[in-house]
Amino acid sequence: MKKQANKKGTTALLLVASLILVLLISGIPSARKADKKNCTPTTGVVKEIKAGPPGIIIHLKQDPRIYYISPKTNTHLSLKTLEKELTGKTIQLYTAQDWSPLDPFSTMKQVHRLQIGDTVIFTEF
């Protein structure tokens, strides 16, 4: 009786460990480079732009998501310039189509391209 219970416990432990491993691996960002094909455009009016831990943070009116420009890819944009140029204006953001168990509802999206109309302000591709 004890051996059978021990097998069930070991099997359950292996199953849980496998599930955790899969979730951790799927949470690692992909190494593929962002391009227009795998990005989704989002249009909205800029409510606020500020600096924060992930980089330059952009909040859009009537959109609960947090959009950010990573400091690793941003070499020429300044926070003050963006605030002056973009606040209150309609912009288009391109974000990657990805999912992570660490952010299952995609509340935080990295911006790979930022533009106003046909004018590109920032792009990674």
Side-chain angles (χ1 to χ4, degrees):
M1 184 79 170
K2 274 190 172 183
K3 285 185 178 183
Q4 190 176 15
N6 195 17
K7 280 187 177 182
K8 285 183 182 179
T10 304
T11 304
L13 183 62
L14 285 172
L15 184 62
V16 169
S18 298
L19 180 64
I20 290 172
L21 183 64
V22 166
L23 288 174
L24 286 174
I25 291 172
S26 67
I28 297 172
S30 67
R32 67 181 175 169
K33 192 165 172 86
D35 60 6
K36 247 185 172 177
K37 292 177 190 173
N38 65 1
C39 285
T40 304
T42 303
T43 303
V45 177
V46 176
K47 177 180 171 183
E48 177 185 30
I49 297 176
K50 61 184 179 180
I56 296 175
I57 299 171
I58 302 170
H59 291 282
L60 300 178
K61 289 182 181 175
Q62 300 178 353
D63 190 345
R65 289 187 196 93
I66 297 169
Y67 298 96
Y68 70 94
I69 299 173
S70 174
K72 294 177 185 174
T73 57
N74 169 26
T75 57
H76 66 280
L77 295 176
S78 77
L79 180 65
K80 289 184 181 191
T81 305
L82 285 177
E83 280 180 318
K84 201 176 348 175
E85 284 183 25
L86 302 179
T87 303
K89 296 188 180 169
T90 302
I91 62 169
Q92 191 167 31
L93 304 170
Y94 288 84
T95 58
Q97 301 170 359
D98 54 1
W99 181 84
S100 168
L102 302 174
D103 186 15
F105 303 110
S106 298
T107 57
M108 218 167 166
K109 302 294 256 174
Q110 181 175 353
V111 176
H112 297 287
R113 181 181 174 112
L114 165 64
Q115 64 186 56
I116 299 177
D118 293 333
T119 306
V120 177
I121 306 294
F122 165 76
T123 188
E124 289 182 20
F125 46 82

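None of the values given here were measured: they were computed from a predicted structure. Computed from heavy atoms alone, side chains included, the values below leave out hydrogens, waters and symmetry copies.
Between the CD1 atom in Ile66 and the CE atom in Met108 there is a gap of 5.5 Å [rounded to 0.5 Å]. Once rounded to the nearest 0.5 Å, the distance linking CG of Leu15 with OG1 of Thr10 reads 12.5 Å.
Looking at Cys39 and Arg113, their side chains never come closer than 4.5 Å, going by heavy atoms from C-beta outward. Side-chain atoms of Gln110 and Thr73, non-hydrogen and from C-beta on, do get closer than 4.5 Å to each other.
Under a hydrophobic-cluster definition in which Ile, Leu, Val, Met, Phe, Trp and Tyr are linked whenever side-chain heavy atoms come within less than 4.5 Å, directly or via other members, Val46 and Ile57 are assigned to different clusters. Cluster annotation: Ile56 is connected to Ile116 through the hydrophobic network of ILVMFWY side chains, with a link wherever side-chain heavy atoms come within less than 4.5 Å. Residues Leu77 and Leu79 share a hydrophobic cluster, clusters being chains of Ile/Leu/Val/Met/Phe/Trp/Tyr side chains in contact below 4.5 Å. With hydrophobic clusters built from ILVMFWY side chains whose heavy atoms lie under 4.5 angstrom apart, Leu93 shares a cluster with Ile49.
In plain terms, the two heavy atoms of Pro71 and Gly55 that are nearest each other are CD-CA, 3.7 Å. In this structure, Gln92 and Pro41 approach most closely via the heavy-atom pair NE2-CB, 3.4 Å. Summarising the geometry of Val111 relative to Phe122, their closest heavy-atom pair is O-CE2, 3.6 Å, with the distance given to 0.1 Å.
With respect to Leu82, the side chain to side chain contact (heavy atoms under 4.5 Å, CB included) criterion is satisfied by exactly one of Leu114, Thr87, Ile58, Ile91: Leu114.
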Is there a side chain to side chain contact (heavy atoms under 4.5 Å, CB included) between Tyr94 and Thr123 once you walk through the steps? CA-CA 9 Å; Tyr94 288 84; Thr123 188; over 6 Å; no

Residue pair Leu60, Val45: steps toward the side chain to side chain contact (heavy atoms under 4.5 Å, CB included) verdict: CA-CA 5 Å; Leu60 300 178; Val45 177; over 6 Å; no

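Evaluation of the salt bridge (Lys or Arg N to Asp or Glu O under 4.0 Å) test over residues 57-84, restricted to residues two or more places apart or in two chains, returns Asp63-Arg65.
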